[in-house]
Amino acid sequence: MKQLMLGNQAVARGLYEAGCRFVSSYPGTPSTEITEYASEYDEIYAEWAPNEKVACEAALGAAIGGARSFCAMKHVGLNVAADPLFTASYTGVNGGLVICVADDQGMHSSQNEQDSRHYAIAAKLPMLEPADSSECIAYAKLAYAISEKYDTPVLLRTCTRVAHSQSIVTLAERQELPLKTYEKNPQKYVMMPANAIGRHVFVEERIQKLTELAEGDFPVEWGGLVDGDQRLNEISLGATEDRAFGIITAGICYQYVREVFPDVPVLKLGMVNPLPAKLIQDFAASVGKVYVVEELDPVIETFCRANGVEVAGGKELFGLLGELSQGKVAAAFGRQAPESIAFDEPIPVRPPVLCPGCPHRGLFYTLHKLGVMVSGDIGCYTLGALPPLRALDTTICMGASISGLHGFNTVRGPESAKQSVAVIGDSTFMHSGITGLIDITYNRGCSTVIVLDNSITGMTGHQQNPTTGLTLKNQPTPQVSIEKICEAAGVKRIRVVDPNELKRLEEVIKEELVAEEPSVIITRRPCVLLKHVQIKPSLMVDEERCRSCKACMKIGCPAIHITDAGTAEIDATLCVGCDLCVQMCHFDAIKTTEVQG
């Protein structure tokens with residue numbers, strides 16, 4: 001049966017068809033939906049882990065236990081999971097283990113750009129890179145075959161465009177596989193130095209065998225895993241006899257290349273580590289010039305040059321920044337871009353903004369008003385850095401707000417602690433904020449930490465986390481108490497406040513800033529987009545009372561704007577009646593529509 005599928009949905013389908021039993025992930029755009037789709041299959045156990053390191057370790061444990069297992073993460077999540085990843089390369093697996101990493105070229109939802117192929121090279125692990133949804137299914141299934149035959153975790157690299165684009169796939173039945181027998185084998189799984197030395201030999205021998213696989217055909221028993229093709233890395237000479245130049249590419253870049261050059265010879269790489277030196281050399285010998293089209297870093301290009309293949313154009317044509325497109329590929333070769341539809345008028349810029357009624361808005365207004373240094377973290381609340389709130393000073397990575405503030409205050413002295421706070425969400429606190437808080441208490445620091453508890457993992461699309469009391473499959477589970485964790489970490493001053501009560505919020509922050517010991521403020525109010533949250537009647541502005549002071553604009557609510565007449569106006573289709581603007585107005589000009597009616 002054929003079906004139109006998102007790339008992430010197709011990866012999940014590939015897991016199902018391959019007989020995967022265990023999935024553990026931490027949500028991170030653009031990889032999140034893989035695990036959500038996987039959870040819809042009753043045959044697959046799926047969970048949200050507190051962070052990517054835990055997810056990778058759990059998936060490895062399930063693989064050692066004999067099951068085909070999986071975890072997914074975005075590129076920066078692989079940084080968190082790097083510790084178990086590198087050692088898993090040494091231990092190998094029992095049941096197959098596939099780790100999907102979704103790169104975010106163009107930084108659509110990320111704090112940096114990085115090329116995950118470097119991890120595959122450094123950890124000496126095979127990496128496959130699908131170019132569309134059909135290959136997402138096929139490569140997921142193929143990855144398990146490679147994992148079990150070569151005793152290795154397999155990395156599956158996707159990107160934003162593949163993850164969130166749709167293409168036609170062909171569905172197949174699930175392959176039910178029994179658990180593999182587990183046998184005690186400390187020489188293989190206990191990575192103390194004496195054992196690791198021997199396993200390193202295995203890793204080097206394995207990468208040589210994988211290189212042979214990259215150069216040649218699949219074993220016969222793998223037939224049909226890639227829609228009948230018998231080469232993962234495939235040369236297509238095109239429909240014409242013109243071989244003045246050829247292009248080496250992989251993943252989504254293959255789609256761009258084929259749109260611009262439907263008939264040019266192409267070497268499409270499905271396995272991007274290890275790379276096939278002989279196949280690349282043979283391809284180069286069959287064409288006049290060789291060009292390399294890849295995102296982000298010159299991984300293939302560098303490999304070509306190191307193996308005696310002259311590259312006529314690579315990163316000097318395309319650069320190291322951002323994602324490519326059909327237009328960029330065409331422009332680099334001096335060709336006309338493929339036909340596309342353009343709008344007659346320029347589209348106005350639409351900057352990201354906190355949602356109307358967001359529980360974080362009142363906090364960031366207050367922090368900006370107080371003029372404190374704010375050590376920020378990863379989540380919806382990163383938007384608090386934008387005008388008019390302009391609250392955040394730093395945002396580095398998950399959990400860095402707390403540990404970063406400790407370092408900041410330690411070097412700047414006690415007065416700094418009275419003028420600075422860390423902000424972190426409930427999910428991020430569970431992910432990697434707890435250890436930073438322990439760093440403060442253990443090392444006799446004096447910092448104020450604000451945990452923004454909106455009762456969900458917001459930025460990635462409302463996933464459950466250990467503080468919500470529900471699992472990925474919405475099963476009731478013990479709800480982790482942020483207060484008790486902070487208390488166990490050694491914090492004596494723990495305050496809980498509604499961030500929409502601006503006067504009370506400001507009082508609590510001022511009190512905790514001057515405290516001579518570490519303190520935690522929990523701003524607790526659920527995300528306004530949660531289905532169970534009751535929305536209040538929308539608000540409206542009484543034009544006769546409005547004095548055009550623009551005080552209501554200071555909270556940065558997208559539901560409020562200033563009319564040509566200079567008075568404020570509230571869009572009833574956006575307003576959720578959170579009352580922040582009511583607290584800002586000194587002229588009693590903002591009322592509920594319910595009262596006005």
Side-chain angles (χ1 to χ4, degrees), residues 1-17 25 27-38 40 70 72-75 77 98 100-110 113-117 127-143 155-172 226-227 229 232 234 236 247 249-262 266 268-270 272 293-296 318 322-330 337-343 347 459-461:
M1 183 175 70
K2 293 186 180 298
Q3 186 176 325
L4 195 63
M5 245 184 208
L6 284 169
N8 280 346
Q9 185 180 6
V11 173
R13 180 68 192 190
L15 304 181
Y16 169 77
E17 292 183 7
S25 305
T29 307
S31 72
T32 305
E33 298 87 358
I34 299 173
T35 303
E36 292 177 326
Y37 280 117
E40 296 178 1
F70 175 85
M73 61 202 69
K74 66 185 296 176
H75 62 289
V98 177
C100 181
V101 53
D103 285 3
D104 187 22
Q105 298 93 334
M107 292 180 283
H108 299 284
S109 58
S110 306
E113 281 185 308
Q114 64 186 56
D115 192 326
S116 295
R117 292 177 295 176
M127 174 178 272
L128 309 184
E129 185 170 359
D132 59 20
S133 298
S134 179
E135 289 187 352
C136 283
I137 290 182
Y139 285 16
K141 295 161 71 173
L142 178 63
L155 291 166
L156 185 70
R157 184 199 191 207
T158 66
C159 66
T160 300
R161 297 302 172 188
V162 170
H164 293 158
S165 296
Q166 296 185 86
S167 60
I168 297 293
V169 302
T170 301
L171 304 185
V226 192
D227 291 338
D229 292 342
L232 183 55
E234 190 70 46
S236 173
I247 298 174
T249 188
I252 192 62
C253 293
Y254 171 76
Q255 306 291 1
Y256 304 148
V257 166
R258 270 296 172 232
E259 273 203 51
V260 178
F261 299 108
V266 170
K268 176 184 176 297
L269 298 171
V272 292
V293 181
E294 60 184 322
E295 296 173 338
L296 287 156
F318 302 106
E323 62 182 347
L324 298 179
S325 65
Q326 298 90 331
K328 289 181 180 179
V329 171
E339 185 177 349
S340 60
I341 299 173
F343 291 101
I347 301 174
M459 180 66 85
T460 49

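- In plain terms, the two heavy atoms of Ala12 and Tyr37 that are nearest each other are CB-CB, 3.6 Å.
- When all heavy atoms are compared, the tightest approach of Ala140 to Leu15 is CB-N, 4.3 Å.
- Between Ala172 and Arg13, the closest heavy-atom pair is O-NH2, 2.7 Å.
- In this structure a side-chain-to-backbone donor-acceptor pair under 3.5 Å is present from Lys328 to Glu323.
- Although no hydrogens or angles enter the test, the distance criterion places no donor-acceptor pair under 3.5 Å between the side chain of Asp103 and the main chain of Gln105.
- When each of Ser31, Ser110, Cys159, Pro30 is paired with His75, the side-chain contact (heavy atoms from CB on, under 4.5 Å) condition holds for Ser110 and for no other.
- Annotation for Val162 and Pro130: closest pair CG2-O, 3.9 Å, computed over non-hydrogen atoms.
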- Task: Let me see the working for Ser236 and Arg258 under side-chain contact (heavy atoms from CB on, under 4.5 Å), right down to the final yes or no.
- Result: CA-CA 11 Å; Ser236 173; Arg258 270 296 172 232; 3.3 Å; yes
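- Without hydrogens or angle criteria, Asp104 side chain to Lys74 main chain gives no donor-acceptor distance under 3.5 Å.
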- Message: Run Glu33 and Leu6 through side-chain contact (heavy atoms from CB on, under 4.5 Å) and show every step you take.
- Response: CA-CA 9 Å; Glu33 298 87 358; Leu6 284 169; 5.8 Å; no
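- Formation of a donor-acceptor pair under 3.5 Å by the Glu113 side chain with backbone atoms of Gly322 is found in this model.
- Side-chain atoms of Glu135 come within 3.5 Å of backbone atoms of Ala131 as a donor-acceptor pair (strictly under, hydrogens ignored).
- Taking all atoms of both residues into account, the shortest heavy-atom contact from Phe318 to Val329 is CE2-CA, 3.9 Å.
- To the nearest 0.5 Å, the span separating CD1 on Ile247 from OH on Tyr254 amounts to 11.0 Å.
- Ion pairing between Glu129 and Arg157 holds under the 4.0 Å rule for side-chain N and carboxylate O.
- The closest donor-acceptor contact from the side chain of Glu295 to the backbone of Leu324 lies under 3.5 Å.
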- Message: Assess the residue pair His164 and Thr29 against the criterion (side-chain contact (heavy atoms from CB on, under 4.5 Å)); give the C-alpha distance rounded to whole Å, side-chain angles, the decisive distance to 0.1 Å, and a yes or no.
- Response: CA-CA 10 Å; His164 293 158; Thr29 307; 4.1 Å; yes
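- Pairing each heavy atom of Leu232 with each of Leu142, the nearest pair is CD1-CD2, 3.8 Å.
- Not a single donor-acceptor pair under 3.5 Å links the side chain of Ser133 to the backbone N or O of Val169.
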